[in-house]
Amino acid sequence: MPFLLLYNSLKHMQKFYGGMNLQMPYDFASIESKWQERWNNAHCFESHTDTSKEKFFCLEMFPYPSGALHMGHIRNYSIGDVLARFLRKNGKNVLYTIGFDSFGMPAENAAIKYKTKPHDWTLSNIAYMTEQLKRMGYSYDWRREAITCLPEYYRWNQWIFLQMYKRGIVYQKEAPVNWCSTCGTVLANEQVVDGGCWRCGTPVTKKNLKQWFIKITDYAQELLDDIEKDLNPGWPRRVRIMQTNWIGRSEGARLSFKIPELDYELEAFTTRFDTVYGITFIALAPEHELVRKMQEKMTPEDAQKLAEFVKKVSSQTSIERSDAGAEKLGYKTPFYGIHPVTGKKIPIWIANYILIDYGTGAIMGVPAHDQRDFDFCRKYGIPIIPVINPADGTKLDGAAMPHAFEEDGIACNSGQFDGLPTAEAITKMIDWGEREGICKREVNFKLRDWLISRQRYWGTPIPFVYCDKCGVVPVPEDQLPVRLPEDVEVKEVGHSPLLDLPEFLNTTCPHCGGPARREADTMDTFFCSSWYFDRYCSPGDTKAPFEKSDVDYWMPVDQYIGGIEHACLHLIYARFFAKFLTDIGLTKYREPFTRLLTQGMVIKDGAKMSKSLGNTVDPTEMVKKYGADTIRLFILFAAPPNNDLEWSDRNVEGTHRFLNRVWRYVEDNAEKLKEYGTKIIAMNELKDSKLRDFKRKIHTTIRDVTHDIYDEKQFNTAIARLMELVNAVYSLNDDTPEAWELKREAVDVLLNCLSPFCPHITEELWEMLGHQDMLSLAAWPVADGESLVQDSVTVVVQINGKVRGKFERPAGLGREELQAGILAEKFIQDKISGKDIVKVIVVPDKLVNIVVKG
RNA sequence: GCGGGGGUGGCGGAAUGGCAGACGCGCCAGACUUAGGAUCUGGUGUCAUAGACGUAGGGGUUCAAGUCCCCUCCUCCGCACCA
């Protein structure tokens with residue numbers, strides 16, 4: 001009775017407040033927290049290494065703890081959780097957890113702005129975001145969480161870095177590096193996007209600094225080869241192509257020009273050795289080492305002019321300098337190089353369009369067959385000599401050509417090689433050049449070594465010290481971690497706070513025991529994210545970054561989910577790490593991520609949700625209003641994972657309505673459903689065609705949902721199938737015991753199949769129906785073959801390809817039988833009377849197409 | 001410029017070469033209501049009377065094309081002086 005009163009008053013409230021559309025027939029808030037607590041107490045989602053079981057490692061790109069989750073995170077993790085829950089229910093030993101990529105610049109900026117400390121700011125963000133994640137009901141094994149800014153984690157960054165040093169793939173070099181003045185630090189090549197800083201967009205300039213590099217280029221070929229060998233088809237084509245282009249392999253030859261006046265041999269790389277006879281100039285990057293040597297031999301006035309030119313070019317930002325439309329600037333030096341084939345004197349220029357860090361930083365200029373060289377020569381009046389004519393017989397004229405001829409053709413003006421088609425010319429001329437000692441076959445990559453030094457505080461200290469006596473000395477492994485001081489005030493001083501901390505900087509040399517200084521630069525945070533998944537396998541290990549047996553069992557990741565923006569950053573670094581760790585015997589997989597899913601952006605009002613555009617939707621608010629289940633379901637239903645997803649408040653309500661519909665049905669019919677929950681009626685026991693159809697619907701739903709989730713990762717259609725099942729349940733107006741047994745079967749299947757998407761409401765209803773087990777751990781239903789078989793089928797009849805009728809037929813009729821029966825139909829007879837049947841196409845159980853004439 | 005996706009109702013989106021538009025949103029009508037922005041039922045590509053036309057546009061292959069082939073347009077994304 002008290003319950004009834006409450007219920008009625010709720011109904012009244014609904015009358016008055018229902019208009020606000022927030023009155024919930026089901027109390028998602030308490031249901032969701034109830035089940036989150038139960039899962040936690042039952043340790044349901046904790047996984048253990050167990051080689052007797054088939055594993056599945058489901059991984060999501062872990063977040064940067066910026067303060068709060070955004071919808072992009074919610075989307076990413078909702079996709080992952082569905083897969084994790086689905087596979088768990090399908091008997092896999094699932095590793096599914098999360099962590100925080102918690103080093104990096106924003107913490108320093110926030111520390112200045114809010115007068116706090118990066119450490120405190122970061123950890124409090126992590127605490128808040130952890131609450132948000134828990135509130136969403138994701139089935140993480142929280143014991144495995146990895147937080148990269150804690151010494152327990154970053155000490156292994158240092159350790160791995162030292163292993164790389166030992167193997168000779170870590171080195172220090174003074175080089176012109178990408179500099180972001182806003183961030184006050186250098187950037188790796190991959191972090192320069194459209195000539196600007198990937199983080200803040202500031203145009204990047206070059207700066208000469210001594211920095212730490214990792215020789216990722218040693219792995220260029222393998223990184224390239226394995227894209228097609230191991231990542232096809234598990235990775236999206238788009239990402240494979242992006243990485244292939246980024247690595248940028250090209251085959252060609254290296255040749256050299258003697259410069260007698262400077263006693264120097266200048267090397268250049270070309271992919272078009274067949275055009276050597278067309279060389280009319282040589283061009284160097286302004287940063288080339290030869291520039292200094294030239295200046296020494298020039299008159300002071302000329303040297304000064306050259307210096308000014310170099311200064312002008314190098315002060316250009318990379319956008320100004322490398323934009324395809326940018327003006328080509330050159331400076332003619334008084335020096336000549338000797339053409340290696342013809343022996344002619346070739347003038348040497350310095351040009352802004354030559355890049356110091358590709359090839360040798362010098363080129364052979366062939367204006368007739370390279371548009372860039374062509375533009376340059378037209379501007380400075382350098383001669384143009386064609387050495388290839390088009391295959392159609394046209395003869396090119398260097399003085400009259402409107403643009404460079406870059407296509408293949410027939411060699412000319414090339415001595416003994418005249419008449420050869422381009423492909424053959426390239427091979428034969430390089431063969432000849434190698435025999436004559438003029439050139440050498442060479443492969444070049446666009447990929448550069450990974451610059452990992454950052455002039456910042458909030459990162460992993462690079463474990464090296466500088467000793468006046470011993471030089472650069474690695475910190476011994478047993479002295480790790482080199483701890484980052486946490487109690488530090490960050491100020492806007494333009495350099496790392498570590499430089500102002502004598503207690504950090506001053507140390508003793510591990511080698512000689514004398515006074516020494518620590519390296520004050522920290523590591524690029526992409527170092528942290530290159531192996532965190534290994535740590536997930538073996539969390540809390542204090543003796544090693546991870547236990548080999550754990551990693552051998554769990555790795556590689558079976559499904560990785562994240563944004564496309566990491567295609568050429570994180571996803572290349574992590575692949576490189578995998579290869580390195582395997583090479584030193586720590587692991588045995590060579591590719592870390594077997595399958596990759598790149599989810600689309602979350603869009604609102606036609607633009608990516610972002611704080612700067614002010615079009616964000618706060619997940620926490622949405623969860624408060626509709627519950628986690630609704631938000632999860634909406635985000636998975638609104639679009640397939642790889643598409644962009646348009647946020648729609650209306651559709652959120654629609655999704656919420658669907659869950660209410662499910663709730664209402666089960667609650668309103670709970671007694672009946674429980675009463676009849678005892679047996680499954682087999683298909684062959686059912687006579688009524690309506691009931692047989694209903695039974696079939698249950699099982700086709702299982703079949704289709706399973707396929708959509710696992711094979712297609714097409715969650716929107718899986719959810720649509722479940723909505724159809726709900727509609728079917730509502731529509732079955734049959735009060736017989738048989739019907740109730742079936743309805744009970746349908747509801748059980750519905751709740752089970754819906755549970756990966758909406759784990760809370762389904763657990764609650766599952767329990768309401770008297771189940772003793774936890775739905776999250778209950779086995780996924782199996783479609784019963786017999787129940788899938790159709791009794792009858794609708795056969796579409798076409799005449800000349802146009803639909804003219806539909807007929808019910810028993811399933812499984814043979815071609816002839818089906819054709820004869822259809823042709824005998826009076827309706828069809830009437831349609832084709834007086835015409836000749838040319839041909840009849842029969843697709844059993846589906847279609848008959850009658851081709852007629854006349 | 002090069003490379004890769006896309007283009008289907010009012011909207012998000014479905015369709016192993018075989019009934020285009022599943023499912024949802026929205027909209028329309030009705031029911032229950034004092035009331036409805038709740039719920040339920042029905043309808044909803046376009047034009048029309050039968051029927052025709054419809055998947056960016058044009059051509060082709062096929063008994064049959066949103067789906068395969070060729071051309072064009074539009075759009076999004078990535079790379080962009082890489083020798």
Side-chain angles (χ1 to χ4, degrees), chain A residues 11 14-21 23 25 193-195 236-242 244-246 248-250 252 268-272 275 283 321-326 328 351-355 357-366 369-373 375-376 444-448 564-565 567-568 600-601 634 637-640 642-655 657-658 660-661 664 704 714 716-724 726-727 730-731 794-806 838-843 846-852:
Chain A
K11 285 224 150 167
Q14 203 175 338
K15 275 185 185 172
F16 292 111
Y17 299 117
M20 315 263 312
N21 202 18
Q23 193 59 44
V193 177
D194 290 335
R237 185 183 160 79
R238 187 149 79 115
V239 179
R240 297 195 322 261
I241 290 171
M242 283 167 79
T244 302
N245 293 341
W246 187 262
R249 183 184 201 273
S250 58
F269 172 75
T270 180
T271 54
R272 295 298 301 273
T275 62
R321 185 167 158 190
S322 70
D323 186 52
K328 294 193 172 27
N352 66 340
Y353 74 99
I354 309 305
L355 307 172
D357 45 11
Y358 184 75
T360 63
I363 61 140
M364 58 178 224
V366 184
H369 305 290
D370 182 292
Q371 190 58 39
R372 297 156 299 178
D373 295 347
D375 295 341
F376 188 73
N444 247 285
F445 294 95
K446 272 161 67 177
L447 184 73
R448 310 292 144 73
I564 185 97
E565 65 272 17
C568 294
M601 291 183 296
F634 162 74
F637 180 60
N642 358 12
N643 285 24
D644 284 348
L645 180 152
E646 175 82 28
W647 185 268
S648 154
D649 289 333
R650 275 204 169 132
N651 288 0
V652 173
E653 293 199 18
T655 310
R657 207 147 56 214
F658 167 73
N660 279 326
R661 220 163 116 76
R664 225 181 309 118
D704 295 346
Q714 186 104 324
N716 55 332
T717 49
I719 294 163
R721 296 290 89 83
L722 293 171
M723 288 175 168
E724 285 179 38
V726 172
N727 293 342
Y730 265 95
S731 314
T794 304
V795 175
V796 173
V797 178
Q798 298 180 331
I799 296 172
N800 287 344
K802 300 211 184 254
V803 179
R804 282 295 116 98
K806 293 169 193 180
V838 178
K839 194 171 173 185
V840 180
I841 285 103
V842 180
V843 182
K846 270 198 176 151
L847 168 140
V848 175
N849 188 8
I850 306 161
V851 185
V852 296

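Below, read A as the first sequence line, B as the second, and so on, with proteins coming before strands; counting in each chain starts at 1.
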message = Can you list everything that forms a side-chain hydrogen bond (donor to acceptor under 3.5 Å, both in side chains) with A:Asp357? Sequence neighbours excluded, please.
response = A:Arg448
request  = Would you tell me if any nitrogen or oxygen in the side chain of A:Asn716 comes within less than 4.0 Å of OP1 or OP2 on B:A14?
outcome  = yes
Residue mapping more 5' on RNA chain B - nearest nucleotide basis, A:Gly361 or A:Val843 = A:Val843
key: Closest nucleotide among B:A83, B:C23, B:A14 to the A:Glu724 side chain   = B:C23
ask   = Touch check for A:Val851, heavy atoms < 4.0 angstrom, all strands: base, sugar-phosphate only, or nothing?
value = sugar-phosphate
ask   = Rounded to whole angstrom units, what separation is found between the CG atom of A:Asn651 and the C1' atom of B:C11?
value = 8 Å
ask   = Which way is the base of B:G9 turned, syn or anti, if we draw the line at 90° from 0?
value = syn
Selected nucleotide, minimal atom distance to A:Arg804 side chain, candidates B:A52, B:C19, B:A83 = B:A52
Closest to side chain of A:Ala638, choosing from B:G12, B:C81, B:C63 = B:G12
ask   = A:Pro640 has a side chain; which of B:G13, B:A83, B:A22 sits nearest to it?
value = B:G13
inquiry  = Are the side chains of A:Phe634 and A:Leu645 in contact, using a 4.5 Å heavy-atom criterion?
reply    = yes
Residue-phosphate contact under 4.0 Å: A:Arg661 side-chain N/O, B:C40 OP1/OP2 = yes
query = CD of A:Gln798 versus P of B:A65: gap in Å, rounded?
reply = 9 Å
Side chain A:Lys806 and base B:C19 donor-acceptor under 3.5 Å = yes
Any A:Thr275 side-chain heavy atom under 4.5 Å of A:Met364 side chain = yes
message = Is A:Gln714 close enough to B:A14 that one of its side-chain N or O atoms is under 4.0 Å from OP1 or OP2 there?
response = yes
Same-atom distance (C1') from B:U44 to B:G58, integer angstrom = 32 Å
task = Write down the distance separating the P atoms in B:G60 and B:G66, rounded off to the nearest Å.
result = 15 Å
query = Just checking A:Leu722: base, sugar-phosphate only, or nothing, at a heavy-atom cut-off of under 4.0 Å?
reply = nothing
ask   = Quantified in whole Å, what is the C1' atom distance between nucleotide B:A56 and nucleotide B:C73?
value = 8 Å
inquiry  = Base of B:U16, side chain of A:Lys846 - is there a donor-acceptor contact under 3.5 Å?
reply    = yes
inquiry  = Output the rounded distance in Å from CD1 (A:Ile850) to C1' (B:G18).
reply    = 15 Å
task = Please state how far atom CG in A:Asn245 lies from atom C1' in B:C2, giving the value in whole angstrom units.
result = 9 Å
message = For a quick check of understanding: with a heavy-atom distance under 4.0 Å over all strands, which category does A:Asn444 fall into, base, sugar-phosphate or nothing?
response = nothing
query = Counting any heavy atom closer than 4.0 Å, what does A:Ile363 reach on the DNA or RNA strands: base, sugar-phosphate only, or nothing?
reply = base
ask   = Nearest-Å distance, CG (A:Asn660) to C1' (B:G24)?
value = 15 Å
query = Want to settle it: does A:Arg650 or A:Ala639 sit nearer the 5' end of RNA chain B, counting the closest nucleotide to each?
reply = A:Ala639
task = Please state whether the phosphate of B:G26, meaning OP1 or OP2, lies under 4.0 angstrom from any side-chain nitrogen or oxygen of A:Arg657.
result = yes
message = I'd like to know if the side chain of A:Asp644 and the backbone of A:Met601 have a donor-acceptor N/O pair within less than 3.5 Å.
response = yes
note = From the candidates B:C19, B:G18, B:A22, the one with an atom nearest any side-chain atom of A:Ile841 is B:G18
Sugar-phosphate, base or nothing in reach of A:Gly654, heavy atoms under 4.0 Å = sugar-phosphate
message = Without decimals, in angstroms, what is the distance between A:Tyr353 OH and B:G1 P?
response = 21 Å
query = Within the side chain of A:Asn849, is there an N or O that forms a donor-acceptor pair under 3.5 Å with the backbone of A:Gly801?
reply = yes
task = Could you please name the option among B:A15, B:G18, B:A20 that lies closest to any side-chain atom of A:Val803?
result = B:A20
inquiry  = Quick check on B:C23: is either OP1 or OP2 less than 4.0 Å from any side-chain nitrogen or oxygen of A:Arg721?
reply    = no
ask   = Rounded to the nearest Å, what distance is computed from the NZ atom of residue A:Lys446 to the P atom of nucleotide B:A83?
value = 8 Å
query = Is a side-chain N or O of A:Asp373 found less than 3.5 angstrom from the main chain of A:Gly365, in a donor-acceptor match?
reply = no
query = Where the side chain of A:Phe637 is defined as all heavy atoms beyond and including C-beta, which of B:A22, B:G24, B:C79 is the nearest nucleotide?
reply = B:G24
ask   = Say you draw a straight line from OG1 of A:Thr717 to CD of A:Glu724; how long is it, rounded to the nearest 0.5 Å?
value = 10.5 Å
ask   = Nearest to the side chain of A:Arg237 - B:G5, B:C77, B:C19?
value = B:G5
request  = For B:U16 and B:G78, measure between their P atoms and round to the nearest Å.
outcome  = 30 Å
query = Expressed as a whole number of Å, how far does the C1' atom of B:C40 sit from that of B:G36?
reply = 13 Å
Interatomic distance at C1', B:A20 relative to B:G54, whole Å = 9 Å
message = Which helical stems does RNA chain B take part in, if a stem means at least 3 consecutive Watson-Crick or G-U pairs with both distances below 3.5 Å?
response = B:1-7 with B:73-79, B:10-12 with B:23-25, B:26-31 with B:39-44, B:45-47 with B:51-53, B:56-60 with B:68-72
inquiry  = Would you measure the distance from the P atom in B:A38 across to the matching atom in B:A29 and give it in whole Å?
reply    = 15 Å
message = So, OP1 or OP2 of B:G24: does either fall under 4.0 Å of a side-chain N or O from A:Asn727?
response = yes
task = Examine A:Lys328 relative to A:Phe376 and say whether NZ or CZ is less than 6.0 Å from the centre of the six-membered ring and inside a 45° cone about the ring axis.
result = no
ask   = For B:A83, does either OP1 or OP2 sit under 4.0 Å from a side-chain N or O belonging to A:Ser250?
value = yes
message = Any N or O donor-acceptor pair under 3.5 Å from the base of B:C63 to the side chain of A:Asn849?
response = yes
query = Would you say the side chain of A:Ile363 lies within less than 4.5 Å of the side chain of A:Tyr353, judging by non-hydrogen atoms?
reply = yes
ask   = Rounded to the nearest Å, what distance is computed from the CD1 atom of residue A:Ile564 to the P atom of nucleotide B:G5?
value = 12 Å
task = May I ask you to verify if any side-chain N or O of A:Arg664 is less than 4.0 angstrom from the OP1 or OP2 atom of B:A38?
result = no
key: Sugar-phosphate only, base, or nothing, as touched by A:Thr271 at under 4.0 Å among non-hydrogen atoms   = sugar-phosphate
P-based separation of B:U61 from B:A14 [nearest Å] = 31 Å
message = So, under a plain 3.5 Å distance rule, would you say the side chain of A:Lys328 forms a donor-acceptor pair with the base of B:C81?
response = yes
